[in-house]
Trainee: 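My questions will all concern the structure given below.
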Amino acid sequence: MPYIAEVILPVYLKNVFQYAVNDEDIVLLNIGKRVVVPFGKNNKLYTAMVYKIYETQENTQTLKSIHEIIDEIPIINPIQLAFWTWIADYYWCSLGEVMLFALPNHLILHTHTNVIFTEAIQSLDITTLTTKENEIIHFLAKHAPYSFKKLKNEFSEYTIKKLLKKKIIQLDTQLINPFKPHLKTFIFLDWQNLINQFQNNQQVTPSEVISLAIQNTKSENQQKVLLYLLQNEGIEKKYLLHNLQISDSVLKALEKKKWIYQEKHAVDRIQLKKKGKQNVELNSHELEFCNQFIQELLNSTSWSPTVFFHDLGMKRIVFFIEYFKKIISMGKQILFLVPEIAFTDKFVEELYHYFTEELGIYHSRINDNERVEIWYKVFIKEYKIIIGVRSALFLPFTDLGLILVDEEQDANYKQEEKNPKLNIKDAAIYYAKMLNIPIILSTQTPSIETYYHTQQHKYRLVNYLRSPAPKENQIQITDLKTQISLRQSIGLLTDLSYKSIYEQKLKNHISVIFLNRKGYAPRIVCNTCGHVHFCIHCDIALTYYKQSNKLKCHYCGYQEDNIYFCKNCGSNDLSFEGFGTEKIEEQLHTIFPNFVIRRLDSSNFKTKKQLADFLNELHKNNTDIIVGTQLITKLLHFDNVDLIIVLMLDMMLHIPNFRAFEYTYQFLRHIIYELDIPHNPSKKLIIQTRMPNHKIFEFLMKDYASYYHEQILLREELRYPPFSRLIELEILHPKLDVLNQAIHHFNKLLRSAYSEWILGPTYPYVAKLKNYYRIQYLIKIPKKQNSLKVKEHIQKAFNDFLHIERGSHFRLNINVDPK
DNA sequence: AGCACGCCGACT
DNA sequence: GTCGGCGTGCTC
């Protein structure tokens, strides 16, 4: 009986696709192997993942068949595939999208299509062709084989199609494996030939052979190389040339004589540098707790996530390392998830100190080739520990023994910018449960939901809170409102901030100023007609960046050159309204003319090296003030940073999100603990606000529990998570009026059931995004209800809606458990 | 989502 | 004969 393989294709489509399996392939085919399949009208070749294989009684002749099997052994195991399936179901996306996210780019082979002549070209009578057709033929005569894509750009597609139909030209599709091993050249002595040449009858030692060879050449450089190679055979060419200060031609000459040979080897691209000694150590009390903690975790029998709620700051890494050592000694692998690798240099240093070759790093700045190398090393268990961001969860661990999620409260774990819109923390918990392995959520400020689960005994809670409360004068709230009305404030800064910066200057310390907004100004307003300059794709003002003199959209990435005249009325009287870090930096220069002021945000630090250089320079040139965005948390461990000033906190508190309070509280607590304010009476945090009586400031001085108890009551009252599950739903259309008209139909269909849980329709703050207008719904599914049925209902409502609005460009976006 | 296909109008 | 635009329908 024939066999059918169901495969996952890297496309948006929800279903899996069936292909016929040839008799000779069936023995080689397994679930979890990559295959190449033809797909679509053109039979374009795609890399697909084998999902299921089964026998069938039906005729498979109507099916296309598998073109090629890529892998000799499966690169994904059945548990991982089951995990992919769960993600696709729960987060409402296609398996293909999960696959694209889970696999490194370079494991998905690409195709390249060239245009070539057919044999018909031999007997072609060019007079039968039109002038346009002849142009292409002449062009191809010179350039064939030529990229199909490029040809379509340079000539009309219509004419190319005609030539294809006449079978004068044809398409030639080739698979390209984008992975390129990193090759380096190494130099070896060619003993075989050397001995043949210089061994006269009696036995000679290697050094005698070389000295004979040296006598046989007049070139000093060649002699140097031979001597050097005797000691350092197999050295990398680059170093040989550098160390001996010679050129490539010397080696070429030696190679010609067959005294040496060169060989290319694939080498690791990833080379961590061994840094100095680690500087974090535990005291005896901490160590004792650590051992007890580990023992408890190892002894526990029933599976449940462990929440590690602590105030250890950077010291936590030593805790982790102790635990990791135990797990590794048991022969298992470890996944250490962090929200953002930029903030974890210290972790990597410490981990590398203990685990060196067993440690792998996986984050957004690792390039595609390196990803494949890491993938492979995890697979063969050469890497025992991976420290990485979101996508590291999909690495092919063969023997995972622990997942540790650091900073579990961090919202970065939820991905919303592309599918799958998953929360890696929640997915990691699910995955750990599937594998029945321990998972630890580490945090200095648990998220409300996580802490709730510990209170419900769904998660195990381990406390380690030893820090004293911060002193009253260490966290100072300064009222912008009264300061401004009394005209005491100096530009942006209140008196208190201003004086404090001077105090730091006298101590030769750096003041750090935080503002959560990049660029110079968030909008350009015309003073003549009031026109605000908007993004062409989104319904939002463009942000002005002074350094690059560009206008950028923070939502879609669109950018254009700065404008000097209003696009509406032509006036040149434009003002840059609002504040970004660039503008603050400029104003600080006026307020503190003799200070050294620097700016730190992601727009001026694209690479890791730039950031490292910046940090190194800080020590050298006596910086007085640094203004920056989130990146400033990098600076909090510095000895000469005692003061942080937070500007415009109110902005953060007022973002339209039910978690705004939680995020702001987390952020401030993060600063307090990273700066280690409780243990350092000289350190302080100043917060500028117009709402000095806001309850968030009270909570900062008290313990976590008081904050939690108030927040959880609010959540319950408003039926927000953890008392409900949220689904955010968006209907999109490129035309606003079409959307507005159609939404009534959709609304009726959607509200035909579960109406009391549905909020909306509402217009979001940014009405148009990436050329699509949006209307949103928020669905609050009560905790105990089955969300699957609600999802089915939504899908049905949308399908019925599409049927009514047949053929129009409506899109549905679903975001499960939004940020 | 892509993308090909087909129909149409416009231009030469 | 050539070319681009846009609506429609399909992908094993």
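In what follows, chains carry the letters A, B, and so on, assigned in the order in which the sequence lines appear, proteins first and then strands, with residues in each chain numbered from 1. Since the structure is predicted, the reported quantities are computational estimates derived from the model, not experimental observations.
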Trainee: Indicate the ring-plane relationship of A/F798 and A/F801, choosing parallel, tilted or perpendicular according to the 30° and 60° boundaries.
Mentor: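 It falls in the tilted class, 30° to 60°.
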Trainee: For A/Y54 and C/dC12, what is the distance between atoms OH and C1' respectively, to the nearest whole Å?
Mentor: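 Atom-to-atom, A/Y54 to C/dC12, this comes out as 10 Å.
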Trainee: Would you mind classifying the nucleic acid contact of A/K14 as base, sugar-phosphate or nothing, using non-hydrogen atoms under 4.0 angstrom?
Mentor: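 No contact at all - A/K14 keeps every heavy atom at 4.0 Å or more from the nucleic acid.
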Trainee: To the nearest angstrom, how far is A/E135 atom CD from C/dG1 atom C1'?
Mentor: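 So the two atoms are 13 Å apart, to the nearest Å.
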Trainee: Has A/E24 got more than 12 heavy atoms of other residues, nucleotides or ligands less than 6.0 Å from its CD?
Mentor: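 It does: A/E24 CD has more than 12 such atoms within range.
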Trainee: Go through the steps for A/F83 and A/F394 under the test ring pair (Phe, Tyr, Trp, His ring centres under 6.0 Å), then give the verdict.
Mentor: CA-CA 9 Å; A/F83 180 46; A/F394 296 93; 5.7 Å; yes
Trainee: Nearest whole Å is fine: how far is C/dC12 P from A/M49 CE?
Mentor: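 Spelled out: CE on A/M49 to P on C/dC12 is 19 Å.
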Trainee: Please state whether the phosphate of C/dC12, meaning OP1 or OP2, lies under 4.0 angstrom from any side-chain nitrogen or oxygen of A/Y19.
Mentor: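 For C/dC12, OP1/OP2 do have a side-chain N/O of A/Y19 under 4.0 Å.
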Trainee: Does C/dC3 have OP1 or OP2 under 4.0 Å away from a side-chain N or O of A/T159?
Mentor: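 A/T159 to C/dC3 OP1/OP2: side-chain N or O found under 4.0 Å.
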Trainee: Tell me whether A/K770 forms a cation-pi arrangement with A/Y558, defined as NZ or CZ under 6.0 Å from the six-membered ring centre and within 45 degrees of its axis.
Mentor: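 Verdict for A/Y558: no cation-pi partner in A/K770.
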Trainee: Might you list the N or O atoms of the protein lying below 3.5 Å from N or O atoms in nucleotides 1-6 of chain B, with each pair's distance?
Mentor:
from  : atom 1 : to    : atom 2 : distance (Å)
B/dA4 : OP1    : A/N42 : ND2    : 3.0

Trainee: Walk me through it: do A/Y91 and A/F101 pass the test ring pair (Phe, Tyr, Trp, His ring centres under 6.0 Å)?
Mentor: CA-CA 13 Å; A/Y91 291 106; A/F101 182 60; over 10 Å; no
Trainee: Does any N or O in the side chain of A/Q415 come within less than 3.5 Å of the main-chain N or O of A/P420, such that one atom is a donor and the other an acceptor?
Mentor: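 Indeed, once roles are kept as given, a pair shorter than 3.5 Å links the two residues.
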Trainee: Whole angstroms only, please: what is the CG-P distance between A/L802 and C/dG9?
Mentor: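 It is 13 Å, rounded to the nearest whole Å.
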